[in-house]
Amino acid sequence: MTIEQKIINAVLDILNAETGQSMPVERISLQKTRKDFTGDFTLVVFPFVKLLRRSPEECAVFLGEALIKNVPEVDKYNVIKGFLNISLKPSFWLDFLTKKHEDKDYGYQKPISDDQQPVVVEYSSPNTNKPLHLGHIRNNLLGWSIASILEASGQKVVRVNLVNDRGIHICKSMLAWMKFGNGATPANTGTKGDKLVGDYYVQFESELRRQVKKMMQEKGIDEDEARGKAPLMIEAQSLLRRWEERKPEVVEVWKMMNGWVYEGFDKTYKRMGISFDKVYYESETYLLGRDIVLEGLKRERLYKKADGSVWANLSDQNLDDKLLLRADGTSVYMTQDIGTAQLRYDDFDPQQMIYVVGNEQNHHFNVLKKVLKLLGKPYNKQIHHLSYGMVELPDGRMKSREGTVVDADDLMNEMEETAQITTEELGKTGNIPEGDKIRLYEMIGLGALKYFILKVDPRKNMLFNPEESIDFNGNTAPFIQYTHARISSILRTAGKTRLKHLKPMEDASVINDKERELLKYIYYFPALISEAAKEYSPALIANYVYELCKAFNQFYHDHSVLNEPDRAISDFRLMLSQLTAQVICNGMSLLGIRVPDKM
RNA sequence: GGCCCCGUAGUUCAACGGAUAGAAUAGAAGUUUCCUAAACUUUAGAUACAGGUUCGAUUCCUGUCGGGGCUACCA
């Protein structure tokens, strides 16, 4: 039981004994004392005023006195307005540090049981017609991090990807390659596979625009109609039909081009440091989706229009009817998602299926759940759309048509270059071997990027300014990494033998304010992970680690670890430094960010 | 038009309905015979607007204004 729970239980007991009435736990607010006030935890007493029939101050004093009697760890208290600030005995903090300072897994909970149902987390979900961009970066980092956080909170997690490798958009780049490619391959052009395929998608769109413009002028029709009737579009649609018919000449090109893309994606994923336990392909799930839809039609949960298209009637949900199969029998995104959900359910029997997908698809997931319910699929309740905000550029949303997309590979390159330049400017390259330098620049550059993105509440839109966002000072990963490097330096200097023989301090009363502040942060780490898991928010972890580092730097500035003459205090500070470094490392690893021992 | 989300220092981000709204950055002023100054210290600066609920509202409710998203036989 944590000390917070102990205090809360004690408060409940005290109130009950005094008034004979019980109070719901949710009404009790116990928080970390703000740093302008003295104390470790603060209890808000306003909720008890009516029950105790005393003034807020009297309530606080009453509870403070009672807590000292009932909870051995409570040392003293002070009252400011309706706030009861509780201080624990210094020995509580000392015991805590002594017990935990060598715990490599501090903060991480072990799975409750081996056979618990997993949480399936889907993220990334790329299309195979375009390279990964900044939006995918946010998605990938969020997905990876949230999966890690859930694991650290004791869940069993399966990371999955769903590749959108079929559909009309894929046919577009295939068609452009067949018409204009002249046999270009990644090998003979020296272009990364995903980039090469992306180039043909762009070419398709520009050719199509030319045709549309011409038709609008010559035939006087509007843009929508022209797009539908343009020869290139007709050809793309016919290609999709032939693909669904599994025509060998089409499938062959499709396989080849997708192979190029995967090779490119794999490089980008690897560099980003993310991976998956299982990869689903739309081309392998849409048929199951189609079968489920046809089955639903047979059972009259769905209906067929005169043209042969199949629809779900959602009018009782206040939603428009949703198309599930086109008149020509081909599938749409929703069809595929129905199949994928079923497959995932069959594969893992998950307690929850989380989809990390942008908030622009809120409507889609809303409809997906409704359709699954309509089809009588019980797992519609397990689906959770983890809806995150968009990444915007200073002049608005990224638009591939306007060429304002920030490419993932390019961005990572820039970050690492900036890391190198900054490190060299600071003159910190001296005693680091060449090979280590490259790894260090990667660690710092990618760390800065990942932290910048993950420190923002996932639900909110965020702004990325290429000119200004690459910052290495302040609330950034390099600041945190630097703090870790400083601590590592201390521990290195102290030496392994000394670290092995650290003696627990006997007199806890010498713990100073900065040390105590640091201990409070560290103590909170496990609860923070649970909180982050509950909220699906890596941002909580990011901002916490930053606060922790600030607290350490203040301690570091005011007090010396190794030059402290009192050996007991010096040992105590070594333990404190050790555990701080561990929390920094463990916290950052939940964000997919590594921390160096030197920088 | 309808539905959903968001408006906090110049800028980018924080704040389970709780204390004097926190940071960072940009600005001003300082700190290095001492374990890494990518650090530390001081300073100035913000809840779009109007009501309501509450002991207490940035947070909940209503309206206004501003920004974004969705409303596809795209994904």
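Every chain is numbered from 1, with letters handed out A, B, ... down the list of sequences.
Rounding to whole angstrom units, CG of residue A/L368 and P of B/A75 are separated by 14 Å. Residue A/M462 contributes atom CE, which lies 18 Å from atom P of B/G68 at whole-angstrom precision. Residue A/N553 contributes atom CG, which lies 11 Å from atom P of B/A38 at whole-angstrom precision. Straight-line distance from the OH atom of A/Y546 to the P atom of B/A14: 14 Å, rounded to whole Å. Rounded to an integer number of Å, the gap from NZ of A/K455 to C1' of B/A14 is 10 Å. In this entry the distance linking NZ of A/K322 with P of B/A75 reads 8 Å, nearest Å. Separating the OH atom of A/Y355 from the C1' atom of B/A75 is a distance of 15 Å, rounded to the nearest angstrom. The interatomic distance linking A/L463 (CG) with B/U8 (P) rounds to 12 Å, in whole Å.
Comparing the C1' positions of B/U20 and B/G45 gives an interatomic distance of 16 Å, to the nearest angstrom. Comparing the same atom, P, in B/U12 and in B/G18 gives a spacing of 26 Å after rounding to whole Å. When the P atom is used for both B/U62 and B/C4, the distance is 10 Å, rounded to whole Å. B/C6 and B/C61 have their P atoms separated by 10 Å, with the value rounded to a whole Å. Nucleotides B/C49 and B/A9 place their P atoms 10 Å apart, quoted to the nearest Å. For the C1' atoms, the distance from B/A39 to B/A24 is 14 Å, rounded to whole Å.
The side chain of A/K460 places an N or O atom within less than 4.0 Å of a non-bridging phosphate oxygen (OP1 or OP2) of B/A14. For the pair A/R486 and B/C40, the criterion of a side-chain N or O lying under 4.0 Å from OP1 or OP2 is not met. In this model, the phosphate group of B/A39 is approached by a side-chain N or O of A/N473 to a distance below 4.0 Å at OP1 or OP2. The phosphate of B/C35 (OP1 or OP2) has no side-chain N or O of A/T493 nearer than 4.0 angstrom. Residue A/K428 places at least one side-chain N or O closer than 4.0 Å to OP1 or OP2 of B/A38. Note on A/K550: every side-chain N or O is 4.0 Å or more away from OP1 and OP2 of B/A39. Residue A/Y333 places none of its side-chain N or O atoms closer than 4.0 Å to OP1 or OP2 of B/A75. Distances shown here put every side-chain N or O of A/Q481 at or beyond 4.0 Å from the OP1 or OP2 atom of B/A38.
Salt-bridge annotation for A/R439 and A/D436: present, with a side-chain N of the basic residue lying under 4.0 Å from a carboxylate O of the acidic one. A salt bridge links A/K520 with A/D40: at least one charged nitrogen is closer than 4.0 Å to a carboxylate oxygen. Ionic pairing of A/D571 and A/R498 is present here: one or more N-O contacts between side-chain nitrogen and carboxylate oxygen are shorter than 4.0 angstrom. In this structure, A/R397 does not pair ionically with A/E392, as no charged nitrogen and carboxylate oxygen lie closer than 4.0 Å. Taking 4.0 Å as the cut-off between side-chain N and carboxylate O, A/K305 and A/D307 do not count as a salt-bridged pair. At a threshold of 4.0 Å, the pair A/R573-A/E564 counts as salt-bridged, since one of the basic side-chain nitrogens sits closer than that to a carboxylate oxygen.
Across B/C73, B/C16, B/A75, the shortest atom-to-atom separation from the side chain of A/Q31 is found for B/C16. With distances taken from any side-chain atom of A/M599 to the nucleotides B/A75, B/C40, B/A38, the minimum falls on B/A38. With distances taken from any side-chain atom of A/L323 to the nucleotides B/C73, B/G69, B/C55, the minimum falls on B/C73.
Stem regions for RNA chain B, each three or more consecutive Watson-Crick or G-U pairs with both distances under 3.5 Å and listed by first number, read B:1-7 with B:65-71, B:10-13 with B:22-25, B:27-31 with B:39-43, B:48-52 with B:60-64.
Contact annotation: side chain of A/D307 to base of B/C73, donor-acceptor pair present below 3.5 Å.
Checking A/H364 against A/D337 by side-chain atom types alone, a donor-acceptor pair falls below 3.5 Å.
Stacking is not found between A/Y482 and the pyrimidine-like six-membered ring of the B/A39 base under the 5.5 Å centre-distance and 30° plane-angle cut-offs. By the 5.5 angstrom centroid cut-off and the 30-degree plane limit, A/F83 is classified as stacked against the base of B/A19. Residue ring and nucleobase are stacked for A/F37 and B/A19, with a centre distance beneath 5.5 angstrom and an angle between planes beneath 30°.
Residue-level contact check: A/T42 touches the bases, meaning some heavy atom is under 4.0 Å from a base atom. If you check every strand for non-hydrogen atoms under 4.0 Å, A/N85 touches a base.
Nucleotides of RNA chain B nearest to A/F479 and A/M334 differ in position, and the one nearer the 5' end is that of A/F479.
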Under the ring-ring contact (aromatic ring centres under 6.0 Å, His included) criterion, do A/F204 and A/Y201 qualify, and how do the steps go?
-> CA-CA 5 Å; A/F204 175 93; A/Y201 184 76; 7.0 Å; no
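Counting non-hydrogen atoms of other residues, nucleotides and ligands closer than 6.0 Å to CG of A/N512 gives a total above 12.
Residues A/F464 and A/F452 bring their aromatic ring centres within 6.0 Å. Taking the ring centroids of A/F365 and A/H384, they lie at or beyond the 6.0 Å cut-off.
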Mind listing the N/O atom pairs, protein and nucleotides 44-46 of chain B, below 3.5 Å?
none

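Proximity of a side-chain donor or acceptor of A/H136 to a complementary backbone N or O of A/P126 within less than 3.5 Å is not detected.
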